[in-house]
Amino acid sequence: MVRGLYTAASGALVAQSQADVIANNLANVNTSGFKRTLLQVQSAPEMGLYRRQNDPSSDSPRGTASSAFVGALGMGAQVMDTPTVFEQGSLSSTGNPLDVAIQGNGFFAIQTPQGVRYTRDGQFSQDPTGRLVTMDGNLVLGTNGAPVQLQANGGSVQINSSGQIAQNGQIVGSLQLVQFANLTQVRPEGDNRFAATPAAGAAQATNSTVHQGFLETSNANVVRSMVDLITAQRWYEANTKVIQTQDQANSWAISNVARTQ
């Protein structure tokens with residue numbers, strides 16, 4: 001019966017993880033360029049059950065110890081991975097010349113204190129020196145690997161579909177757009193940015209179009225997330241009910257099985 005407690009507890013823990021993932025998606029439903037995450041579940045490793053007893057057919061007075069295989073015992077469920085869904089979000093017009101959206105599979109490259117990272121959030125601005133920065137102050141990188149430098153004295157900014165930037169009629173730089181051959185090696189790092197391992201296969205984006213004056217909306221769906229959250233809640237409640245039932249059975253066995261009449 002104790003094994004039943006562990007199995008139900010593992011299911012409750014997975015349901016709690018599912019609720020956490022969905023809550024994060026809902027919290028970022030209005031975050032530009034946000035990509036929702038999923039929860040992948042797998043069965044926990046199985047264990048072999050054996051019946052250990054003395055063989056009564058043995059010539060030995062006490063019999064010979066035997067161990068007969070009964071079958072495999074499942075140990076419940078566990079979280080396998082929380083992959084990101086890189087579906088295209090819809091584009092929302094803002095009219096801000098420094099707002100940029102990507103249509104396609106590309107990412108903006110940005111310089112952070114942890115190194116080069118990637119984002120789909122194109123809500124940019126200028127710092128006091130004229131450099132193009134993200135909302136949290138990270139530098140936006142150009143195709144030459146250096147931060148994009150705009151003219152500090154201002155002036156109209158035009159960004160074409162390939163990411164080339166012109167200001168006051170002069171080309172001042174071009175946005176670095178990166179795509180990955182293996183998106184499973186691109187992992188969310190928080191603050192709406194991603195880190196990529198060498199196995200991700202980073203390369204210059206070839207099938208991405210830049211839209212000035214637009215932002216890509218989150219690809220998290222509120223209705224779908226709410227339905228999934230209700231499902232996770234019922235899943236959790238079902239497993240806690242099993243835990244309570246198993247606990248009651250254990251209490252009854254402790255109190256009554258060995259009682260003499």
Side-chain angles (χ1 to χ4, degrees), residues 1-51 69-92 105 107 118-121 180 182-196 215-257:
M1 285 185 288
V2 175
R3 289 194 294 263
L5 286 174
Y6 288 123
T7 301
S10 69
L13 289 173
V14 170
Q16 183 177 357
S17 298
Q18 173 78 324
D20 292 340
V21 168
I22 298 170
N24 182 65
N25 291 338
L26 284 172
N28 289 279
V29 72
N30 292 320
T31 302
S32 300
F34 176 78
K35 301 302 178 185
R36 63 187 176 93
T37 54
L38 299 176
L39 187 78
Q40 292 181 337
V41 182
Q42 66 179 4
S43 59
E46 293 182 340
M47 299 180 65
L49 284 182
Y50 292 83
R51 182 176 64 252
F69 178 69
V70 175
L73 173 68
M75 298 301 293
Q78 64 184 15
V79 176
M80 182 175 71
D81 196 8
T82 53
T84 303
V85 180
F86 291 100
E87 293 174 348
Q88 175 75 46
S90 60
L91 304 187
S92 176
N105 55 3
F107 291 79
Y118 306 93
T119 183
R120 294 278 297 193
D121 184 3
F180 300 97
N182 185 4
L183 286 173
T184 61
Q185 298 298 314
V186 181
R187 309 298 295 185
E189 195 179 60
D191 296 326
N192 210 14
R193 59 177 182 250
F194 298 87
L215 288 176
E216 182 186 8
T217 62
S218 169
N219 69 357
N221 184 283
V222 176
V223 176
R224 178 177 178 179
S225 295
M226 290 301 297
V227 172
D228 291 343
L229 189 60
I230 293 172
T231 302
Q233 181 182 4
R234 291 177 177 172
W235 182 9
Y236 181 85
E237 291 173 349
N239 280 281
T240 55
K241 180 63 70 175
V242 172
I243 293 174
Q244 293 171 2
T245 303
Q246 290 280 352
D247 183 60
Q248 292 170 1
N250 287 342
S251 297
W252 184 91
I254 293 171
S255 302
N256 297 282
V257 168

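Residue numbers run from 1 in the order of the sequence given. If you're wondering where the values come from, they're calculated on a predicted model, not measured in any experiment.
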Under 3.5 Å donor-acceptor pairs involving side-chain atoms of residues 186-193, not counting sequence neighbours:
unit_1 : atom_1 : unit_2 : atom_2 : d
Arg187 : NH2    : Asp81  : OD1    : 2.9
Glu189 : OE1    : Arg117 : NE     : 2.9
Glu189 : OE1    : Arg193 : NE     : 3.4
Glu189 : OE2    : Arg117 : NE     : 2.8
Glu189 : OE2    : Arg117 : NH2    : 3.1
Asn192 : ND2    : Ser32  : O      : 2.7
Arg193 : NH2    : Gln114 : OE1    : 3.4

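Applying the side-chain contact (heavy atoms from CB on, under 4.5 Å) test to Ser92 and every residue at least two apart in sequence or in another chain returns Thr217. Take Arg224 and apply the salt bridge (Lys or Arg N to Asp or Glu O under 4.0 Å) test, not counting sequence neighbours, and it matches no residue. Scanning for ring pair (Phe, Tyr, Trp, His ring centres under 6.0 Å) contacts around Phe194 gives Phe86, Phe107, with sequence neighbours left out.
To the nearest 0.5 Å, atom CE of residue Met80 and atom CD of residue Gln42 are 5.5 Å apart. In this structure, Thr231 OG1 and Met226 CE are separated by 11.0 Å, a value rounded to the nearest 0.5 Å. Here Gln246 contributes atom CD and Gln244 contributes atom CD; the two are 11.5 Å apart, rounded to the nearest 0.5 Å. The distance from the CG atom of Leu38 to the CD1 atom of Ile22 is 9.5 Å, given to the nearest 0.5 Å. To the nearest 0.5 angstrom, Arg234 atom CZ is 15.0 Å from Lys241 atom NZ. The structure places CG of Asp247 at 15.0 Å from CH2 of Trp252, a figure rounded to the nearest 0.5 Å.
Between Phe34 and Ser218, the shortest heavy-atom distance links the atoms CD2-OG, 3.4 Å. Looking at every heavy atom in both residues, Ala15 comes nearest to Ala232 through CB-O, 3.7 Å. Pairing each heavy atom of Asn250 with each of Leu5, the nearest pair is ND2-CD1, 3.5 Å. For the pair Gly76 and Thr7, the tightest heavy-atom approach, listed with the atom from each and the gap, is CA-CG2, 3.7 Å. For the residue pair Val14 and Val41, the shortest heavy atom distance occurs at CG1-CG2, 3.6 Å. The two residues Ala8 and Ile243 have their closest heavy-atom pair at CB-CG1, 3.5 Å.
Counting only distance, with no hydrogens or angles, the side chain of Asn25 and the backbone of Ser225 share no donor-acceptor pair below 3.5 Å.
The list of salt bridge (charged side-chain N to carboxylate O under 4.0 Å, His left out) pairs with a residue in residues 30-44, not counting sequence neighbours, reads Lys35-Glu216, Arg36-Glu87. Screening residues 9-20 for side-chain hydrogen bond (donor to acceptor under 3.5 Å, both in side chains), with sequence neighbours left out, gives no hits.
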